[in-house]
Amino acid sequence: MTVGQNYLAANVSQFFNWHGPAMVMDTACSSSLVAMKVATDALVAGSIDLALVAGVSLLADPSAHELFRRRGLLREDGEFHIFDRRAGGVVLGEGAGVVVLKPLAQAERDGDTVYAVVEGLAINNDGRTAGPATPNLAAQKEVMREALRQAGRRPDQVAHLDVNGSGSEMTDLLELKAIEAVYGQDRTRPLRLGSMKPNIGHPLCAEGIAAFIKVTLMVHHQRTVPFLSGVQPLEHYALDPARLDFPRHAGATDLPYAALSSFADGGTNGHVVVGHHVPRLPVRRRPVELPELNRTDVRTGERVGDATSPMVWTRRIDARDAVLDGHRVYGRRLLPGLAWIDLLYGCFEEAATGLAHRELSLRDVTIYRPLALDADGAVEIRVEARAETPDSWRITVTDAPAQGPGARAVATPYVTAEMHRVAGGTTGFGTDVPDEVRAVLRDPDGRVRDLEEIYRDFRAQELVHSGLMKAVGAVYTGADDIWLRVALDERAASRDRGERLFHPALIDGSAVAACAVALGEVPAGGEQRLFLPLHYASFRAGASLGRACYTRVRRESIERREELLTFTMEFFDIEGHKVGELADLTTKVVRDAGHIEPRAAAAGREPIPPSGPERSPGPARGPDPPPGSSPPRTGPSPPAGTRFCSRPTGSRRGDLGPRRPARRSGGPGGHAHELLRPWPGLRRPPEDCGGDRGAARDEAVADVAVRAPDGGRTGRASRTPSPSESDKSCPAHGAGRTGAVRAVRGARRAGRGWR
């Protein structure tokens with residue numbers, strides 16, 4: 001085999017013993033589309049009857065990165081933004097893609113699977129400009145119009161356009177103007193804009209083939225792919241949403257025609273229009289099975305896909321994580337128990353399993369210890385998924401192996417869970433939000449409670465949501481169901497990094513509100529009782545929750561048994577269609593107040609006794625308090641002169657996130673184990689602080705001390721009990737870890753059993 005770019009096509013022909021024309025095209029980013037133009041012209045002329053068009057870009061050495069850095073084009077934080085004020089350079093990607101092109105009639109006679117039809121393909125060049133990297137607006141408009149002319153389609157018939165997207169705010173603005181001039185006129189519905197670059201980076205010469213394969217699959221499956229940028233609008237340009245729009249959620253769509261652009265550094269521009277194909281003859285040829293690949297994870301040295309080796313991911317989480325920073329328990333950042341859903345699904349999305357989230361179900365999630373950080377803290381966790389069957393994996397989340405002399409990681413896991421493949425996938429639930437409920441939640445009246453009131457009540461118990469984790473919405477309590485409308489606060493969400501499948505703020509906000517309503521209707525003897533997540537039976541979803549959702553909690557799913565509160569949440573998209581379900585979320589009361597508030601233990605307070613006999617919530621309820629008021633508080637109040645604050649920062653997809661308490665009886669905040677209390681003395685900035693805003697408060701928050709299993713204090717660092725200790729005594733609940741989980745399962749079996 002001969003080495004060198006110019007020999008690549010020749011080597012492929014030699015390997016397969018092909019005798020037709022074989023050539024390498026290099027026009028930088030548009031190389032694949034130029035090769036496709038040559039191939040389609042030859043097919044139309046009849047000089048060939050089949051063509052393979054490929055794009056390849058491999059980063060085998062640092063030369064490409066060094067070149068882009070010298071030119072000031074390389075973005076080093078790993079984020080690629082398009083049509084976004086954060087745009088400021090590229091992130092390089094690599095890969096290879098191949099498509100087979102045949103005349104449509106021949107492909108149908110051969111029984112091939114036809115993914116899409118190339119309707120029109122145009123190539124041109126910018127000509128003379130200020131420099132080889134300077135785009136020509138007129139040339140971009142002309143190449144789009146020529147491809148539409150070849151396709152015989154009007155611009156308004158094209159429903160999706162995958163843009164070039166250079167990663168520069170100025171050149172992106174020029175491309176937007178070209179798109180608006182060609183595609184933005186006389187539209188009855190907006191043109192959806194997307195790009196694969198925020199997902200996979202810029203694959204250089206393989207850019208065109210990557211975009212072509214993405215758009216072709218969208219047209220074939222008639223589904224949208226979320227655009228991961230464009231969240232922060234361009235500084236000097238506003239999109240007209242009636243003409244141009246960004247898809248934010250994956251889902252079914254009507255996509256008869258779509259297009260893509262590739263505008264190269266050097267001036268060679270390409271634009272393709274593809275159409276949906278409905279087979280007229282039986283399809284006999286299907287994609288061949290992929291060969292077994294000997295692939296190794298460079299991070300761990302373990303084989304990928306080897307049934308005997310687990311899949312392993314590592315995540316570094318620090319106190320600046322927006323989800324963690326936006327959720328405080330007694331002033332300390334604490335990961336909410338429901339944030340593991342998005343993190344674990346995010347790991348499997350990264351894996352080369354070929355499974356989408358709708359094909360997976362997360363089950364039997366048990367939380368063993370909290371993930372809590374101080375202001376300057378950070379932790380690296382290890383997520384291991386070991387195959388138990390071809391369709392199931394056992395997940396364990398622990399501290400990553402400690403580094404350095406004398407370093408020692410805690411052996412006790414944070415979480416264990418199972419991931420299962422769902423036969424046929426989660427495609428739909430056949431349930432919608434009733435129109436009357438949507439109307440009530442859209443136009444709040446006296447029957448609806450603002451989510452802000454619930455958060456305010458939780459702040460009174462020193463469980464504070466802020467920034468990204470403070471959702472907005474409303475709660476409507478009906479005779480049979482509790483309904484919520486929950487959405488991200490766009491001001492805080494605009495600073496978040498990336499798109500999350502199942503945003504912790506939406507799930508957490510739903511759980512907090514549901515817990516507050518349920519506990520408010522089941523009095524617990526007047527004392528404060530904090531309930532924290534301990535276990536959930538399963539989570540599954542057919543689509544991402546996006547940035548807003550409706551949530552339902554059926555009253556019949558609410559079960560209170562002694563110190564456990566269990567309920568099921570159903571999630572609906574903004575159109576009102578059910579997309580997911582979290583079944584049997586079990587929260588457990590924290591019995592020993594001293595483990596959360598050590599000063600109470602120092603004062604000699606006894607642990608909170610178990611509650612009285614179980615009381616059913618029932619459909620009846622008293623009126624909500626007037627808007628702006630808070631229910632009467634019982635139990636200990638936070639000490640005067642203490643405020644609890646937080647500062648939101650950005651976070652990555654797969655990072656972790658927070659949750660909070662509930663009014664009068666605390667809600668599903670962080671985790672069910674080893675919580676913290678404020679310790680006076682440290683100063684903190686007065687941002688989004690809870691408590692009585694009218695009272696004169698010292699702008700301070702307390703340091704954190706943790707109650708150790710032996711009754712002493714560990715100081716400012718949390719001491720995690722050894723496995724033998726944790727089996728004997730759960731620090732937060734006053735029950736053994738094994739005993740606590742048995743209590744959950746036993747209560748369910750005695751009640752209504754497993755679902």
K.L.:
Assess the side chains of D364 and H535: does a donor N or O sit below 3.5 Å from an acceptor N or O?
P.N.:
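There is such a pair (donor and acceptor under 3.5 Å, judged by atom type) between the side chains of D364 and H535.
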K.L.:
Report the C-alpha distance between R555 and D481 in whole Å, list the side-chain angles of each, state the deciding distance to 0.1 Å, and finish with yes or no for side chain to side chain contact (heavy atoms under 4.5 Å, CB included).
P.N.:
CA-CA 5 Å; R555 290 183 180 277; D481 304 314; 5.8 Å; no
K.L.:
At their closest point, which heavy atom of H357 faces which heavy atom of E349, and how far apart are they?
P.N.:
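Smallest heavy-atom distance, with atoms named: N-OE2, 3.1 Å.
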K.L.:
Taking the six-membered ring for Trp, are the ring centroids of W340 and Y536 within less than 6.0 Å of each other?
P.N.:
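Aromatic pair excluded; centres sit 6.0 Å or further apart.
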K.L.:
Is it the case that the side chain of E581 and the backbone of T568 share a donor-acceptor pair, with hydrogens and angles ignored and the cut-off at 3.5 Å?
P.N.:
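Between the backbone of T568 and the side chain of E581 there is no qualifying donor-acceptor contact (under 3.5 Å).
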K.L.:
If you measure from the Lys or Arg side-chain nitrogens to the Asp or Glu carboxylate oxygens, is any gap between R332 and D374 under 4.0 Å?
P.N.:
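Result for this pair is yes, salt bridge flagged.
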K.L.:
Does a side-chain heavy-atom distance below 4.5 Å link I395 with L362?
P.N.:
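Sidechains of L362 and I395: in contact.
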K.L.:
Distance from L228 atom CG to D84 atom CG, nearest 0.5 Å?
P.N.:
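One finds 11.5 Å between CG of L228 and CG of D84.
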K.L.:
Using salt bridge (Lys or Arg N to Asp or Glu O under 4.0 Å) as the criterion, list what pairs up with D573, not counting sequence neighbours.
P.N.:
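Applying salt bridge (Lys or Arg N to Asp or Glu O under 4.0 Å) to D573 gives none.
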K.L.:
Would you kindly say whether T253 and T224 are connected by a side-chain donor-acceptor distance under 3.5 Å?
P.N.:
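Checked: T253/T224 side chains show no N/O donor-acceptor pair below 3.5 Å.
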K.L.:
With R438, which residues qualify under salt bridge (Lys or Arg N to Asp or Glu O under 4.0 Å), at least two apart?
P.N.:
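Residues passing salt bridge (Lys or Arg N to Asp or Glu O under 4.0 Å) with R438: none at all.
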K.L.:
Atom CD of E562 and atom CG of L564: how far apart are they, to the nearest 0.5 Å?
P.N.:
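Spacing of CD (E562) from CG (L564) equals 7.5 Å.
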K.L.:
R315 vs C347, test: side chain to side chain contact (heavy atoms under 4.5 Å, CB included). Steps then yes/no.
P.N.:
CA-CA 10 Å; R315 292 286 188 272; C347 290; 3.7 Å; yes
K.L.:
I want to know whether Y345 and F502 have ring centres closer than 6.0 Å.
P.N.:
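They qualify: ring centres under 6.0 Å apart.
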K.L.:
Between R459 and D457, does any NZ, NE, NH1 or NH2 come within less than 4.0 Å of an OD or OE carboxylate oxygen?
P.N.:
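So D457 does not pair with R459 through a salt bridge.
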K.L.:
Measuring from R333:CZ to D318:CG, what's the distance to the nearest 0.5 Å?
P.N.:
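With rounding to 0.5 Å, CZ (R333) is 9.5 Å from CG (D318).
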K.L.:
For F571, give me all partners under ring pair (Phe, Tyr, Trp, His ring centres under 6.0 Å), at least two apart in sequence or on another chain.
P.N.:
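Listed in chain order: nothing, the list is empty.
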K.L.:
With sequence neighbours excluded, tell me which residues meet salt bridge (Lys or Arg N to Asp or Glu O under 4.0 Å) with D245.
P.N.:
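Salt bridge (Lys or Arg N to Asp or Glu O under 4.0 Å) check on D245 returns R192.
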K.L.:
In plain terms, say whether D480 and R552 are close enough for a salt bridge, that is, a side-chain N and a carboxylate O under 4.0 Å apart.
P.N.:
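Salt bridge absent between D480 and R552.
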K.L.:
If you measure from NE2 on H577 to OG1 on T431, what distance do you get to the nearest 0.5 Å?
P.N.:
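Between H577 NE2 and T431 OG1, I get 11.5 Å after rounding to 0.5 Å.
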K.L.:
To the nearest 0.5 angstrom, please state how far the NZ atom of K578 sits from the CG atom of D432.
P.N.:
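Spacing of NZ (K578) from CG (D432) equals 11.0 Å.
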K.L.:
Please name all residues satisfying salt bridge (Lys or Arg N to Asp or Glu O under 4.0 Å) with R85, sequence neighbours left out, ordered by chain then number.
P.N.:
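Expected list: none.
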K.L.:
side-chain hydrogen bond (donor to acceptor under 3.5 Å, both in side chains) for S510 and T551? Distances and angles first, verdict last.
P.N.:
CA-CA 7 Å; S510 299; T551 307; 2.8 Å; yes
K.L.:
With Y550, which residues qualify under ring pair (Phe, Tyr, Trp, His ring centres under 6.0 Å), at least two apart?
P.N.:
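So Y550 forms no ring pair (Phe, Tyr, Trp, His ring centres under 6.0 Å) with any residue.
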K.L.:
I would like to know whether L501 and I341 meet side chain to side chain contact (heavy atoms under 4.5 Å, CB included); could you show each step before the answer?
P.N.:
CA-CA 9 Å; L501 283 171; I341 294 174; over 6 Å; no
K.L.:
If you measure from CG on L343 to CD1 on I317, what distance do you get to the nearest 0.5 Å?
P.N.:
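Reported value, rounded in 0.5 Å steps: 6.5 Å.
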